[in-house]
Amino acid sequence: MARRKKIYEGKAKIMYEGPEPGTLVQYFKDDATAFNAEKRATIEGKGVLNNRLSEYFMTGLTQVGIPNHFIKRINMREQLIRSVEIIPLEVIVRNFAAGSLSTRLGMAEGTPLPRPIVEFCYKDDALGDPLVSEEHVIAFGWASQQDLDDMIALALRVNDFLSGVMMAVGIKLVDFKIEIGRVWENDYHRLIVADEISPDSCRLWDMQTGQKLDKDVFRRDLGNLADAYTEVARRLGVLPTNVTHAPKPTLIN
Ligand code: UDP
């Protein structure tokens, strides 16, 4: 990798300055964290898989006209993206009850929801990304009412697209999280999907068996995370050859 200025290092990715103004290079690490980084591990191949899967989903969004930050993949671990002003909210869409919604409302995991539910969490690691209401979002100025309406519309479009793509390969999209950013054009801004879309930020269940193919495999110690992500990639036709599990070169004396 060429020497680049590091802008920010997060739990699963590093951002570097991009080659042109308004661009960034997003590097996918193998690190996995859960429960607000209380649980950590390095999972060989995860970064490569998420780079490819996020490329696949973002390219698909572009093809159906949903604006997002993806420009092009650079190599196995890096992609070129548009730099955005991230709105400090995690936008969660749920189709079936799971995770924190199940805990909060005492609803069995897998219960179908009467309609897709959009939730917002305030991005603050120290506070554990608390769930917030639309009132909080407006009152504290994290986004305007117009932004909020646009974010909900964007998130629901992503949900329709992703649900269809996953259903076609026998996977149920239970829920997912996206992040949204502003891009400025003169005095106006518009909102685009940013960050990543990968099994790190979605709940994906096999339609037939209910097997989990997402980060819950790591959160709940259900097996090998890279194998689960490889299965998602294989079904989608991403990664026709199993590059992440390629044997290491042997040293010849
Ligand atoms: N999610 C995420 N990052 C977070 C919190 C949640 O990507 O910091 C995703 C998570 O993978 C799931 C969805 O958002 O697909 C809903 O997560 P939930 O609120 O149920 O939280 P969890 O059970 O993971 O604490």
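For ligands, and for the atoms within them, numbers begin at 1 and follow the listed sequence.
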Once salt bridge (Lys or Arg N to Asp or Glu O under 4.0 Å) is applied, do any residues pair with Asp125, and if so which ones, sequence neighbours excluded?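 Checked Asp125 against salt bridge (Lys or Arg N to Asp or Glu O under 4.0 Å); matches are Lys11.
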Side chains of Ser100 and Arg94: any donor to acceptor distance under 3.5 Å?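 Yes, Ser100 and Arg94 have a side-chain donor paired with an acceptor closer than 3.5 Å.
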Are Asn51 and Gln79 close enough that a side-chain donor and a side-chain acceptor fall under 3.5 Å?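 Gln79 and Asn51 do have a side-chain donor-acceptor pair below 3.5 Å.
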Taking [X] first and then [Y], would you say they form a salt bridge - that is, a charged N and a carboxylate O separated by under 4.0 Å?
| X | Y | answer |
| --- | --- | --- |
| Lys177 | Glu196 | no |
| Glu17 | Lys6 | no |
| Asp31 | Arg40 | no |

Return the protein residues near ligand 1 (heavy atom under 4.0 Å from any of its atoms), ordered by chain and residue number.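 Protein residues near ligand 1 are Glu90, Ile92, Arg94, Ala98, Gly99, Ser100, Asp129, Asp175, Phe176, Lys177, Asp200, Ser201, Cys202, Arg203, Arg219.
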